Amino acid sequence: MAPDRGPPSSATTSLPPQSSSSPLSQNADDDDNDNELLRHATSRSTAFEPISQEPDAAFLRARSEQPQFTLRALLTGLLIATPTSAYRRDGISGMAMPSALIGFAYFKALRAITGRLAEGGGGGLGRWMGGWGEGFSEVENVLVQTVAGSVGTMPLGCGFVGVVPALEFLLKPEETPESASTDPGIVQALAVAHETGGLRLPLSKLILWALGLCFFGVVFAVPLRKEVIVREKLKFPSGTATALMIGVLHGGEKTGTEGEMEEHVKRDGTRRRRGDGGDEESDALMADASPPAAQESSEDDDSEQREEAIGIKEDWKKQIRLLTYSFAISGTYTLVSYFVPQLHSIPVFGPHLATTWLWSLNPSPAYVGQGIIMGPATTIHMLLGAVLGWAVLSPIAKYKGWASGEVGDWNTGSKGWIVWVSLAIMLADAIVSLGWLILKPTIWYGKVYGPPFVHGVREKGLRRHLGELVRDPKMRGYSPVDLNDEPTTAENGQLSKSTSNLPDEDEKEYDAPPDHLIGWKTTLFGLIASLAFCIFAVQYSFRGMISISLTAIALLLALLLSVMGVRALGETDLNPVSGISKLTQLIFALVTPANSPNAVVINLLAGGISEAGALQAGDLLQDLKTGHLLGASPKAQFYGQLIGSAVGAVVSACVYKLYTHVYTIPSGLFQVPTAYVWIFTARLVTGQGLPPHVPVFAAGAAGIWACLTALRIYGNSITRQPSGSKGASWVPYVPGGIAVAVGMYNTPSFTLARTAGGLLAWWWTRWKGREETPMIVLASGLILGEGLCSIVNLGLASGGVPHL
């Protein structure tokens with residue numbers, strides 16, 4: 001699944017108790033909690049600001065003096081993400097919060113071990129470990145989650161989940177491209193493809209392809225940061241939630257209104273007791289002069305603070321134990337499942353439904369953990385897609401004779417029939433969503449500037465009026481606007497901008513110090529170099545199969561569509577990379593002749609390039625939002641993302657080759673459904689026919705979900721009173737197109753496990769009214785345990801160790 005990370009509230013740090021809430025309504029209500037105040041030791045003490053509020057200059061300047069780019073943070077991020085990215089066989093992303101949690105837990109445990117070594121006379125080892133583990137700061141944790149997120153993104157961003165498997169295993173012999181290349185690796189790959197199908201390139205070509213895709217999206221995110229984070233202050237809910245969690249981890253104080261009130265009470269009480277004194281001597285004098293009741297109150301406060309500190313310590317001991325236990329359970333299950341592969345397909349609904357209609361359960365701990373992070377709304381929508389596809393459409397297609405083969409056959413069975421319906425839903429959702437992203441600012445600015453412009457042209461003429469607009473200093477400035485604001489009517493009857501949401505003169509745009517920003521020269525050089533390197537990498541890896549001009553067009557589309565994807569991510573927490581890639585495939589069908597023997601391959605490569613750009617730009621901006629709220633250096637994050645992307649690209653290519661060498665692709669364990677969606681889309685837009693009766697059902701599903709997507713867009717634009725938060729409470733009950741489509745083209749065994757995770761998160765946070773942190777800890781342990789032990793399973797399989 002592409003990293004459409006679910007509704008924005010699925011990652012909030014703490015939730016109020018609401019025992020009667022439904023699982024679908026979680027994400028609508030949680031928007032009210034996104035701005036809860038979190039206190040931590042190094043926060044903005046002068047203003048008592050919440051972490052989710054924009055930072056001020058003093059805070060950013062103070063944070064800039066801390067170490068930003070450290071070796072330990074870089075290595076920790078790489079080590080955390082590498083095992084999980086190696087195991088990632090779908091598009092599920094979202095490594096930011098788990099990696100920040102694991103990084104904090106690692107250094108906290110390291111400090112505890114250091115203390116014990118020091119007490120036991122550990123000598124040099126204790127001193128070395130103490131130096132490595134002490135002083136782990138929030139800004140370093142930002143770097144950890146930035147690096148880990150970039151590594152974890154690469155399996156999807158470089159196409160090893162969809163595009164590359166589609167090229168290597170699903171390409172038909174007649175779809176083999178033509179090439180005049182004399183490169184031995186390409187010549188051999190084409191010769192095999194003509195006989196058996198599939199374009200299997202050597203590892204060196206795949207590494208170069210991955211490196212070519214992994215940089216330009218990162219560099220392109222740099223100029224977007226100033227616009228969408230500093231000026232427009234888009235929310236980026238997952239990035240904000242990660243900042244909140246990091247603040248809680250390192251501060252260890254209560255969150256929300258309760259924490260704010262207690263903090264003010266404590267500070268006010270302290271000021272009253274001290275008489276605004278500032279030194280220990282005056283404090284002692286005031287204590288001696290104060291009545292016994294005041295001294296007893298002070299002692300009670302000190303006792304409460306000690307008890308609170310002890311409680312925080314005990315709480316984190318519980319969290320570490322939970323992380324350890326979940327890791328151990330997940331790892332044990334993964335190892336046992338190698339010897340007992342039947343665990344991957346448990347017939348929970350009976351043998352008949354499992355064998356005939358593929359309704360079984362794969363209780364993968366990683367899938368459960370992913371469901372916890374995705375949240376209940378998204379997973380329930382996926383379950384709806386599974387029911388619609390595998391319990392309704394699949395039997396219809398089977399019994400009507402439209403898909404007469406085995407249900408699990410992609411070519412003749414209903415599995416390959418319903419994927420077209422899911423593809424239609426995905427395309428409808430993408431077109432409506434991306435269309436609205438273009439239409440919304442067009443309508444707003446048309447209302448604001450259209451009538452005055454027409455009036456000016458009529459009075460002065462086009463050339464004179466344009467010249468005056470260019471010379472007008474007001475037109476060269478920038479002021480952030482709210483597109484939800486209605487334009488107001490001026491005294492002359494012309495439309496003008498509403499100023500209700502424009503910043504006051506005292507409200508300034510604060511950013512990191514200049515030495516922590518990426519200069520425009522670095523950005524320009526990096527963008528040109530990364531684009532040129534991408535063109536070189538694509539041309540060298542697929543020499544003679546796609547022209548330089550088409551590669552350049554794909555990159556241009558990637559950059560343009562990345563802007564829309566970033567804005568959607570900043571506003572809704574959804575990065576519609578699936579839709580962006582499919583839209584690119586649709587556009588490339590218009591610029592590539594349908595009768596070209598290379599049409600399918602060109603279509604796949606172009607879609608992969610656009611997906612990579614949108615995914616990397618969006619992920620980095622989520623991380624930059626986290627860093628901005630916590631005062632981390634954008635430059636350190638930028639270089640961390642570059643290093644993580646490069647390492648992730650190489651690791652992903654190597655592990656992909658290792659997996660494809662050891663395991664059969666596709667198979668029951670690795671069904672690569674995303675690859676089938678890619679190849680089917682390429683065949684559809686290049687003019688190949690559809691299975692019987694698919695057009696009617698696909699058109700109907702596309703029409704329904706186009707309306708539902710429009711309804712969700714409308715609901716998300718509603719302002720709820722009296723909180724003022726965006727999004728109507730009924731929006732989570734409207735099925736999202738991407739989630740439904742993913743549930744439809746994945747077999748139920750995968751969807752059921754993720755739904756279980758989403759319901760578990762709902763039960764804990766909404767029904768029980770508990771904080772979400774333990775759920776994040778649990779999900780992190782489940783994902784990490786299976787990720788690490790799957791590497792052991794890979795070694796067992798490559799060594800030929802038999803199953804039981």
Side-chain angles (χ1 to χ4, degrees), residues 150 153-154 156-160 162-164 166-167 177-183 185-187 189-190 199 201-224 521-563 565 577 580-581 583-585 587-593 596 598-617 620 641-642 645-646 648-650 652-653 678 682:
S150 62
T153 299
M154 286 303 103
L156 177 64
C158 296
F160 294 113
V163 174
V164 177
L167 286 170
E178 294 180 354
S179 174
S181 172
T182 58
D183 186 294
I186 293 179
V187 171
L190 290 175
L199 185 64
L201 296 176
L203 176 61
S204 59
K205 304 287 186 186
L206 291 181
I207 291 177
L208 183 60
W209 152 265
L211 289 172
L213 295 187
C214 74
F215 295 123
F216 73 91
V218 176
V219 182
F220 186 62
V222 173
L224 296 179
K521 292 183 180 179
T522 302
T523 303
L524 182 61
F525 173 79
L527 186 60
I528 295 174
S530 61
L531 291 174
F533 180 65
C534 180
I535 292 176
F536 165 76
V538 173
Q539 291 299 308
Y540 186 82
S541 301
F542 299 93
R543 186 176 300 176
M545 303 179 202
I546 180 172
S547 64
I548 295 179
S549 60
L550 289 178
T551 307
I553 293 174
L555 284 170
L556 179 61
L557 283 174
L559 298 180
L560 294 176
L561 295 175
S562 293
V563 176
V577 292
I580 285 173
S581 60
L583 188 59
T584 302
Q585 288 185 272
I587 294 173
F588 254 74
L590 303 176
V591 299
T592 306
S596 170
N598 296 13
V600 173
V601 171
I602 291 174
N603 198 274
L604 292 171
L605 296 179
I609 292 172
S610 68
E611 182 179 61
L615 180 65
Q616 293 158 30
L620 179 57
Q641 181 95 359
L642 288 178
S645 298
V650 175
S652 298
W678 275 95

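All residue numbers refer to positions in the sequence shown, counting from 1. For clarity, every value in this text was computed on a predicted model and none was experimentally measured.
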Heavy-atom pair with the smallest gap, counting every atom of [X] and [Y]:
X	Y	value
Q616	F215	OE1-N, 3.8 Å
T592	A599	CG2-CA, 4.1 Å
W678	G162	CD1-CA, 3.6 Å
C158	W209	O-NE1, 2.9 Å
P223	F220	CD-O, 3.2 Å
G648	S652	O-OG, 2.6 Å

Mind checking the [atom1]-[atom2] spacing from [X] to [Y]? Nearest 0.5 Å is all I need.
X	Y	atom1	atom2	value
I602	F542	CD1	CZ	12.0 Å
L201	I207	CG	CD1	12.5 Å
I553	S610	CD1	OG	13.0 Å
C214	F533	SG	CZ	7.5 Å
N598	S179	CG	OG	8.0 Å
L550	N603	CG	CG	11.0 Å

Open item on the list: Please determine whether side chain to side chain contact (heavy atoms under 4.5 Å, CB included) holds for the pair L211 and V650, giving the CA-CA distance in whole Å, both sets of side-chain angles, and the decisive distance to 0.1 Å.
Closed with: CA-CA 7 Å; L211 289 172; V650 175; 4.1 Å; yes
- [ ] Using the salt bridge (Lys or Arg N to Asp or Glu O under 4.0 Å) rule, collect all pairs that involve residues 533-559, keeping only residues at least two apart or in two chains.
- [x] none
Would you say [X] and [Y] make side-chain contact, with heavy atoms under 4.5 Å?
X	Y	result
L559	L531	yes
L555	I609	yes
T584	E611	no
L208	F536	yes
M545	L190	yes
L213	C534	yes
V601	L167	yes
L620	S150	no

TODO: Examine distances only and state if a side-chain atom of S541 and a backbone atom of K205 form a donor-acceptor pair shorter than 3.5 Å.
DONE: yes
- [ ] Could you note down all residue pairs passing side-chain hydrogen bond (donor to acceptor under 3.5 Å, both in side chains) where residues 550-563 supplies at least one of them, sequence neighbours left out?
- [x] Q539-T551
- [ ] Assess whether side chain to side chain contact (heavy atoms under 4.5 Å, CB included) is satisfied between L615 and T153, documenting all intermediate values.
- [x] CA-CA 8 Å; L615 180 65; T153 299; 3.2 Å; yes
- [ ] Look at atom CG of L203 and say whether more than 12 heavy atoms of other residues, nucleotides or ligands are closer to it than 6.0 Å.
- [x] yes
